[in-house]
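Structure first, commentary second.
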There are 4 protein chains.
Amino acid sequence: MMKTKDRILDVARKMIAEVGFHSTTTALLAQKAGISEGTIYRHFASKDDILVTILDELDERYSEFITQLKTEGDGHPGTIERVLEANFKFVAEHLEGIKIVLSSFALLPPSRRSMNSVIDRMRTFAAESIVRSMELGVIRQVDPERTAMVLVALLLGLLELRLYWPENTDINAEAVAFCRQALVKIQ
Amino acid sequence: MMKTKDRILDVARKMIAEVGFHSTTTALLAQKAGISEGTIYRHFASKDDILVTILDELDERYSEFITQLKTEGDGHPGTIERVLEANFKFVAEHLEGIKIVLSSFALLPPSRRSMNSVIDRMRTFAAESIVRSMELGVIRQVDPERTAMVLVALLLGLLELRLYWPENTDINAEAVAFCRQALVKIQ
Amino acid sequence: MMKTKDRILDVARKMIAEVGFHSTTTALLAQKAGISEGTIYRHFASKDDILVTILDELDERYSEFITQLKTEGDGHPGTIERVLEANFKFVAEHLEGIKIVLSSFALLPPSRRSMNSVIDRMRTFAAESIVRSMELGVIRQVDPERTAMVLVALLLGLLELRLYWPENTDINAEAVAFCRQALVKIQ
Amino acid sequence: MMKTKDRILDVARKMIAEVGFHSTTTALLAQKAGISEGTIYRHFASKDDILVTILDELDERYSEFITQLKTEGDGHPGTIERVLEANFKFVAEHLEGIKIVLSSFALLPPSRRSMNSVIDRMRTFAAESIVRSMELGVIRQVDPERTAMVLVALLLGLLELRLYWPENTDINAEAVAFCRQALVKIQ
DNA sequence: CATGAATGAGCGTTCATTCAT
DNA sequence: AATGAATGAACGCTCATTCAT
């Protein structure tokens with residue numbers, strides 16, 4: 001049997017992803033989790049605390065994911081594709097959390113903080129991949145920082161299209177090809 | 001002297017862009033607009049109606065903008081760059097409206113509808129530009145629909161980075177270069 | 001017809017005096033005042049604000065009362081009796097307010113502040129009366145400050161007995177006689 | 001090692017004296033006593049029951065104190081001073097309990113009951129002392145009941161000044177002198 | 001056209017009390 | 001004896017909306 005705290009988190013994650021933080025009322029949350037409203041406050045200091053817990057967990061997962069990606073990828077070619085594809089995979093496995101961040105980073109400070117850290121990690125890792133790829137001679141010479149930022153922008157846009165317009169055809173493969181072409185070494 | 005209705009819209013646009021639709025209370029809106037709360041309801045059916053009006057206006061402007069772009073651009077080369085650059089310009093001139101749509105399309109139906117139509121227009125126009133560019137032989141052969149979608153994704157990501165992380169260096173030029181390289185004809 | 005704000009204040013004063021600030025709920029207050037709960041917050045920023053308003057009003061009245069007492073009493077003999085008797089009269093005319101202060105100054109900061117100022121004024125005025133009476137030669141030589149404080153203590157105790165044990169026989173006259181005897185000049 | 005019940009009482013007495021009965025929550029009480037919330041209800045029927053137990057204990061102590069005072073004092077002169085001074089001593093030894101009663105007798109029925117009995121005993125004892133002192137010829141002829149009540153009022157006022165304005169100079173000695181002068185036999 | 005007082009449903013949160021373990 | 005998770009009623013407060021003037 002699942003612990004109450006985890007059940008609250010699970011239900012909250014779903015609700016916030018679906019209807020947003022504001023419309024996720026404690027009354028409805030308690031009802032859907034099959035507990036009383038007061039019980040929420042035995043496990044969380046406030047409604048905000050629930051959001052922060054969800055975001056912190058996602059942060060942690062993303063940090064682990066980036067770390068793992070770095071250790072795995074050592075010496076392998078084709079790293080730019082891997083940056084993109086690995087991120088696609090991470091997103092697919094954390095749809096709800098990502099939806100929450102993307103839909104509220106503009107307005108909710110905790111979400112904003114989370115988004116800051118995600119973007120920072122993404123950009124740093126992308127820049128490192130670009131530098132390595134240039135050293136390996138598999139891509140042409142570019143400004144690593146700026147190009148990494150362009151990749152982050154593309155990734156961000158792809159994410160939103162995927163999450164909020166899932167009925168569209170999947171263009172991830174096309175995006176990877178687009179990037180490869182943009183960065184490929186001209187012989 | 002400005003009409004009351006327009007003053008309400010102006011103040012509302014600023015407030016919603018800054019703090020979001022939920023945190024924009026009718027009480028504060030009335031106060032900042034120098035009118036009484038009841039007066040808002042002389043001009044708008046509901047708080048939602050204000051948002052819809054703002055969004056419809058933005059829609060209208062974007063539609064005009066796309067139309068103008070099409071007539072202007074006939075027969076000119078380098079259309080992909082123009083798609084991007086013209087959009088950057090439009091955004092710069094409608095910062096508040098764009099901020100509202102981007103920060104709420106995931107949660108507010110009217111915003112969602114607006115975003116749908118913007119993305120649709122953007123994608124259609126990009127696809128047309130790509131087709132034309134291919135006919136002119138200035139870019140390589142690609143799938144127009146999918147590539148247009150990739151461009152939309154990139155545009156969307158760039159917008160968000162620009163609006164919510166304005167402290168970052170402007171990478172618009174880099175993005176344009178990135179796209180040119182991705183699409184350029186290999187001789 | 002009475003203004004809503006004043007009706008709220010009136011009902012609140014009665015309720016707080018009777019059952020205390022904690023037990024005076026906004027729901028009950030609204031009901032007894034014949035208004036909705038939300039209306040309270042059109043006139044007061046918070047429940048605390050109602051208390052503060054009541055206390056400030058009482059403060060103001062007491063300040064006026066002391067001022068008037070000073071101007072009236074110039075040159076008249078028997079001032080110690082007048083200090084006591086005037087205070088009895090003030091209390092009788094502001095029973096509810098006084099009850100509120102006395103019942104909550106130990107626990108509620110705004111009430112505490114109010115009580116501080118009342119005691120201060122009372123003591124200062126008593127000390128001045130004592131000094132004047134000594135100069136006039138109608139009372140014996142005493143330490144004015146300390147004796148004033150004793151009078152304040154007695155006044156405070158009499159007040160509480162009167163307000164919370166109204167079934168007891170009125171001992172105000174006895175108290176005045178007690179003080180006269182304690183201060184009278186021994187020939 | 002202290003029994004759990006006594007530890008609860010001790011912590012509760014301190015908390016209630018400091019922040020009041022309302023602000024003394026069972027959660028905080030349990031935490032400060034190093035027990036779980038449920039344990040409180042093994043030893044007390046309700047939160048109210050804790051208060052009543054504390055008050056009953058104080059009542060008991062005061063009753064013992066008065067009894068002892070009566071047996072001790074037989075035949076000794078200067079009894080009025082002793083009434084006052086003994087009470088000062090009792091207060092000093094039961095500060096917390098006294099603070100609880102004084103701060104809540106106006107609003108909490110159990111506290112009110114306690115205060116009734118204290119005042120009754122105080123007044124009765126004071127009246128007896130006065131009668132005896134008159135018989136011994138050490139004070140002038142006064143109405144014993146009413147004068148006792150005046151003494152109780154003074155005592156009550158002194159207590160409050162002492163407990164809630166401890167920064168003031170101690171006027172107990174002055175108060176004793178004041179009473180002696182008020183009651184002394186004029187030769 | 002404009003006001004602003006009034007509404008009332010709903011919000012997040014608290015807390016004394018219960019009960020299975 | 002003790003625990004601590006769960007309860008649920010009540011709390012202070014917010015806010016979009018209405019309506020008599």
Side-chain angles (χ1 to χ4, degrees), chain A residues 3-5 7-8 21-31 33-51, chain B residues 3-5 7-8 21-31 33-51, chain C residues 3-5 7-8 21-31 33-51, chain D residues 3-5 7-8 21-31 33-51:
Chain A
K3 281 288 206 328
T4 301
K5 180 162 185 172
R7 195 158 69 252
I8 295 173
F21 184 67
H22 256 109
S23 300
T24 298
T25 66
T26 50
L28 210 56
L29 171 55
Q31 187 195 303
I35 54 169
S36 82
E37 234 177 313
T39 300
I40 294 175
Y41 292 87
R42 287 202 67 72
H43 298 281
F44 299 95
S46 65
K47 199 186 141 190
D48 259 87
D49 189 28
I50 299 178
L51 177 64
Chain B
K3 279 283 180 37
T4 300
K5 181 163 185 172
R7 194 157 68 253
I8 295 174
F21 184 66
H22 255 110
S23 299
T24 298
T25 65
T26 49
L28 206 57
L29 171 55
Q31 188 196 302
I35 55 169
S36 82
E37 234 177 315
T39 300
I40 293 176
Y41 291 85
R42 294 233 137 248
H43 297 280
F44 300 94
S46 65
K47 197 185 145 191
D48 260 85
D49 189 28
I50 299 178
L51 177 64
Chain C
K3 280 290 203 324
T4 300
K5 180 162 187 174
R7 195 158 68 252
I8 295 173
F21 184 67
H22 256 109
S23 300
T24 298
T25 66
T26 50
L28 210 56
L29 171 54
Q31 188 194 303
I35 55 169
S36 81
E37 231 176 317
T39 299
I40 294 174
Y41 293 88
R42 286 203 68 72
H43 298 281
F44 299 95
S46 65
K47 200 186 140 190
D48 260 87
D49 188 29
I50 300 177
L51 178 64
Chain D
K3 280 282 182 39
T4 300
K5 181 164 185 169
R7 195 157 69 252
I8 295 173
F21 184 68
H22 255 109
S23 300
T24 298
T25 65
T26 50
L28 206 57
L29 171 55
Q31 186 196 303
I35 55 168
S36 81
E37 235 177 315
T39 301
I40 293 174
Y41 291 84
R42 294 232 138 249
H43 298 279
F44 299 94
S46 66
K47 197 184 145 191
D48 260 86
D49 188 28
I50 300 177
L51 178 64

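In what follows, chains are A, B, ... by sequence order, proteins preceding strands, each numbered from 1.
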Results of side chain to side chain contact (heavy atoms under 4.5 Å, CB included) for A:Thr39 - residues two or more places apart only: A:Thr4, A:Ile35, A:Ser36, A:His43

Below the 4.0 Å mark, does F:dA2 have OP1 or OP2 next to a side-chain nitrogen or oxygen of D:Thr4? yes

State whether A:Thr39 places a side-chain N or O below 4.0 Å from either non-bridging phosphate oxygen (OP1 or OP2) of F:dA5. no

Reported OG1-to-CD1 distance for the pair A:Thr26 and A:Ile8, which is rounded to 0.5 angstrom: 11.0 Å

So do the side chains of D:Ile40 and D:Ile50 get within less than 4.5 Å of each other, counting heavy atoms only? yes

How does DNA chain F look in dot-bracket notation if pairs are Watson-Crick or G-U with both distances under 3.5 Å, crossing ones as [ ], other-strand ones as |? .||||||||||||||||||||

Would you mind reading off the distance between C:Ile8 atom CD1 and F:dC13 atom P, rounded to a whole angstrom? 13 Å

Rounded distance (Å) that lies between atom P of F:dG12 and atom CG of C:Leu29: 9 Å

Per-nt protein contacts along nucleotides 16-21 of chain E (heavy atom under 4.0 Å; B base, S backbone sugar-phosphate only, - none) come out as BBB---

Rounded to whole Å, please give me the gap between NZ in B:Lys5 and C1' in E:dC1. 14 Å

What are the two closest heavy atoms between C:Lys47 and C:Phe21, and how far apart are they? NZ-O, 2.9 Å

Go nucleotide by nucleotide along DNA chain E from the 5' end; which of C:His43 and B:His43 gets its closest nucleotide reached first? B:His43

To the nearest 0.5 Å, how far apart are CD in B:Glu37 and CD in B:Gln31? 10.0 Å

Within this structure, what is the CD1-to-P distance between B:Ile50 and F:dA16, rounded to whole angstrom? 9 Å

Categorize B:Ile40 for me: base, sugar-phosphate, or nothing, with a 4.0 angstrom heavy-atom threshold over every strand shown. nothing

Of A:Ser36 and C:Ser23, the one whose nearest nucleotide on DNA chain F sits closer to the 5' end is A:Ser36

Minimum heavy-atom distance between C:Ser23 and D:His22, given as atom pair plus value: OG-CE1, 4.4 Å

